[in-house]
Trainee: 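Dumping the structure here so I can ask a few things about it.
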Amino acid sequence: MLPLPETPVSLTIDRLGQLGEGVASWQGRTVFIPGAFPGDTVRVHLESQGRVLRGLLREVVSSGPDRREAPCSLAGECGGCDWLGLAESAQRSAKQEIVLSTLEHLGHLRREDFTVRPLLVAPRDWGYRRRAVLHPAGKGALGYFSRRSHERLAVSECGALTPVLTALPGKLAPLLKPLAKDTEEVLLLAEGDKAAFAVNLTGQVTARHVEAAEVAVRALRLEGAVLVPKEGSPRVLGKPALRSYSPLRPEVPLYLRPDSFAQAHAEANVGLVTSAIFELAARDEDSVLELYSGNGNFTFPLAAGSASVLGVESSPVGVELAQRSAREASVSNVRFVQGDARKVCDGLVSEGRRFDVCLADPPRAGAPGLAKWMVALGIRRVVYVACDPASLARDAAGLVEAGYKPQALQVVDMFPQTHHVEAVMSFERPDSGKRRD
């Protein structure tokens, strides 16, 4: 293997990789270059990271056709929006291709073997994020991680956030200074014009923490806050559970809390849920198993078109919020179980339980072992909602090996200006009925 040159080399970017980096070739080796886009000619310093060759961007010699001026002054430093310098049309094309190529190369699923639906475009490309994770950034500031590092970049405003949150990092930071040395991260959440925050602490909640958080809630006219200790129950201040509406079922309230997961793009979430419900194609008499059910984001639309839904969720807050929604809307055909999905599925199998269809919305790590539970529980159709193409490819390969055939793929642009992407993919056992396109 040739030694790496000590001086920068010129390369032309061919495509975008799964993690959003520009991909080029040097001496027959693939080079991954953060901040570079297709068609760019760049000068980079080459570095080996294990078996991977990376290029540190030193200069953009000439721009590719889709490079643009980033609409944020921190774009070159912040690790949050890594595709701000790439036109939206190119972002969308790249996301569709990244998911399909990952399915092919990691999951060995040919794109010709299932329906590929047109990418679902988010209604807003900027100022859409209703949740954010901030970290102490020194001198009482809050900020994000810098690009490709764990160094903190202080921010006072963030244009990627919804209007009610845009200036909140700078306003909240000085008020939370008494908590700074005990803070792991600060979580922001908005719904419409209402906002709340949570603080994940490195230890236990103290009276000093409570006083500072209460002052912040009052001073900024927020709905409430949650202080989350390293161990034990959260301390709730005010009313941090923000009321929204269940997608496709506006008569059902859906509650969001800053210390519990919620999809970042409220409008795109409606499209995501609609796509998942369509792909699952549940019948009125079907029993539905929903894994990783969260606060009920998919649950109540599922319940409207099926006999029953069993939601499985590990987060006690998520289950609490979902149960509150069901109770207030008098939805009687849903039930929630708090617990690890793997252990709950093992228990359902041992009880001899059977379900007709399953919707799974796992975290980024995916749902290893999903296929064996689907077979053991008699599931005829599975819809997998994925936020990581590699996890989707791995779990899709497992489902195919277990006898399920891929039916359709819907890619959703849930995170404009970043390489992150959401996908909905359906699978069905071949003897369970006619494929739906």
Side-chain angles (χ1 to χ4, degrees), residues 129-137 140-144 155 158 161-162 164-245 253-264 266 269 292-297 311 313-328 336 338 363:
R129 291 193 67 97
R130 63 175 174 180
R131 58 187 297 266
V133 180
L134 301 166
H135 303 271
L142 293 171
Y144 299 126
V155 296
C158 176
L161 303 180
T162 59
V164 72
L165 295 183
T166 299
L168 194 55
K171 293 179 179 178
L172 192 58
L175 297 172
L176 295 184
K177 198 169 182 179
L179 287 76
K181 68 181 182 64
D182 303 320
T183 295
E184 197 168 80
E185 56 189 16
V186 176
L187 314 173
L188 308 183
L189 177 70
E191 176 58 28
D193 60 355
K194 299 182 184 301
F197 70 91
V199 181
N200 288 341
L201 297 165
T202 57
Q204 295 303 304
V205 178
T206 68
R208 179 168 52 86
H209 299 152
V210 172
E211 182 181 2
E214 288 179 335
V215 167
V217 169
R218 289 194 302 270
L220 301 177
R221 297 184 179 180
L222 303 176
E223 298 302 302
V226 184
L227 299 177
V228 185
K230 198 69 174 178
E231 296 180 359
S233 301
R235 177 72 178 269
V236 175
L237 308 174
K239 297 180 179 180
L242 307 182
R243 182 185 173 109
S244 182
Y245 297 97
L254 193 68
Y255 290 98
L256 317 175
R257 220 172 84 174
D259 56 330
S260 182
F261 176 78
Q263 290 288 357
N269 179 58
Y292 314 96
S293 56
N295 66 338
N297 187 43
E313 171 57 42
S314 61
S315 165
V317 177
V319 172
E320 176 188 331
L321 296 174
Q323 289 175 332
R324 179 179 176 182
S325 295
R327 186 170 59 251
E328 291 186 7
F336 297 96
Q338 183 193 333

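The model shown is predicted, which means the values in this text are computed figures rather than measured ones.
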Trainee: Identify the heavy atoms of Pro174 and Pro178 that sit nearest to each other, and give their distance.
Mentor: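 For Pro174 and Pro178, the tightest heavy-atom pair comes out as O-CD, 4.4 Å.
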Trainee: Measure the shortest side-chain to side-chain distance between Leu321 and Arg257 over non-hydrogen atoms and say whether it is less than 4.5 angstrom.
Mentor: yes
Trainee: Once you round to the nearest 0.5 Å, how far does CZ of Arg235 lie from OG1 of Thr206?
Mentor: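 Here the interatomic distance stands at 10.0 Å.
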Trainee: How close do Leu254 and Asn295 get, heavy atom to heavy atom, and via which atoms?
Mentor: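 Minimum heavy-atom contact is CD1-O, 3.4 Å.
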Trainee: Could you pull out the closest heavy-atom pair between Ala322 and Gly296, with the gap in Å?
Mentor: CB-N, 4.0 Å
Trainee: Could you give the distance from CG (Leu227) to CZ (Phe197), rounded to the nearest 0.5 Å?
Mentor: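 Answer for the CG-CZ pair, Leu227 versus Phe197, is 7.0 Å.
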Trainee: If you define the side chain from C-beta out and look only at heavy atoms, does anything of Leu256 sit under 4.5 Å from Leu189?
Mentor: yes
Trainee: Holding to salt bridge (Lys or Arg N to Asp or Glu O under 4.0 Å), I want the full list of residues that pass it with Arg131, two or more places apart in sequence or in another chain.
Mentor: none
Trainee: Roughly how far, to the nearest 0.5 Å, is the OG1 atom of Thr162 from the CG atom of Leu188?
Mentor: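 That separation rounds to 9.0 Å.
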Trainee: State the OH-CZ distance between Tyr255 and Arg243, to the nearest 0.5 angstrom.
Mentor: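 Reported to 0.5 Å precision, the distance equals 4.0 Å.
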Trainee: With side-chain hydrogen bond (donor to acceptor under 3.5 Å, both in side chains) as the rule and sequence neighbours excluded, what pairs involving residues 187-200 come up?
Mentor: Arg130-Glu191, Glu185-Asn200, Glu191-Ser244
Trainee: Going by side chain to side chain contact (heavy atoms under 4.5 Å, CB included), name the residues that satisfy it together with Ser315, two or more places apart in sequence or in a different chain.
Mentor: Ser260, Glu313, Val317
Trainee: Nearest 0.5 Å, please: how far is CG in Leu187 from CZ in Phe261?
Mentor: 12.5 Å
Trainee: When the side chains of residues 211-218 are checked against the rest of the protein, which donor-acceptor pairs come out under 3.5 Å, sequence neighbours left out?
Mentor:
none

Trainee: Quick one: closest heavy-atom pair of Pro234 and Val226, and the distance?
Mentor: CB-CG1, 3.6 Å
Trainee: List for me each residue that meets side chain to side chain contact (heavy atoms under 4.5 Å, CB included) alongside Ala137, sequence neighbours excluded, and say none if there are none.
Mentor: Ala141, Arg152, Ala154
Trainee: Are the side chains of Leu176 and Thr183 in touch, meaning some heavy atoms are under 4.5 Å apart?
Mentor: no
Trainee: Taking the side chain as every heavy atom from C-beta outward, state whether Leu179 and Val186 have any pair of such atoms under 4.5 Å apart.
Mentor: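 When only atoms from C-beta onward are counted, Val186 and Leu179 do not touch, as no gap falls below 4.5 Å.
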Trainee: To the nearest 0.5 Å, what is the distance between CD on Glu328 and CD on Gln323?
Mentor: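 If I round to the nearest 0.5 Å, the distance is 12.5 Å.
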Trainee: What are the two closest heavy atoms between Pro258 and Pro240, and how far apart are they?
Mentor: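 Distance-wise, the nearest heavy atoms are CD-O, 3.5 Å.
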Trainee: Enumerate the salt bridge (charged side-chain N to carboxylate O under 4.0 Å, His left out) contacts for residues 166-184, please, sequence neighbours excluded, ordered by first and then second residue.
Mentor: Asp182-Arg208, Glu184-Lys230
Trainee: Under 3.5 Å, is there a donor-acceptor pair between the side chain of Glu231 and the main chain of Gln204?
Mentor: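 No, because the side chain of Glu231 does not come within donor-acceptor range (under 3.5 Å) of the backbone of Gln204.
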Trainee: Taking all atoms of both residues into account, what is the closest heavy-atom pair of Pro169 and Leu142, and its distance?
Mentor: O-CD1, 4.1 Å
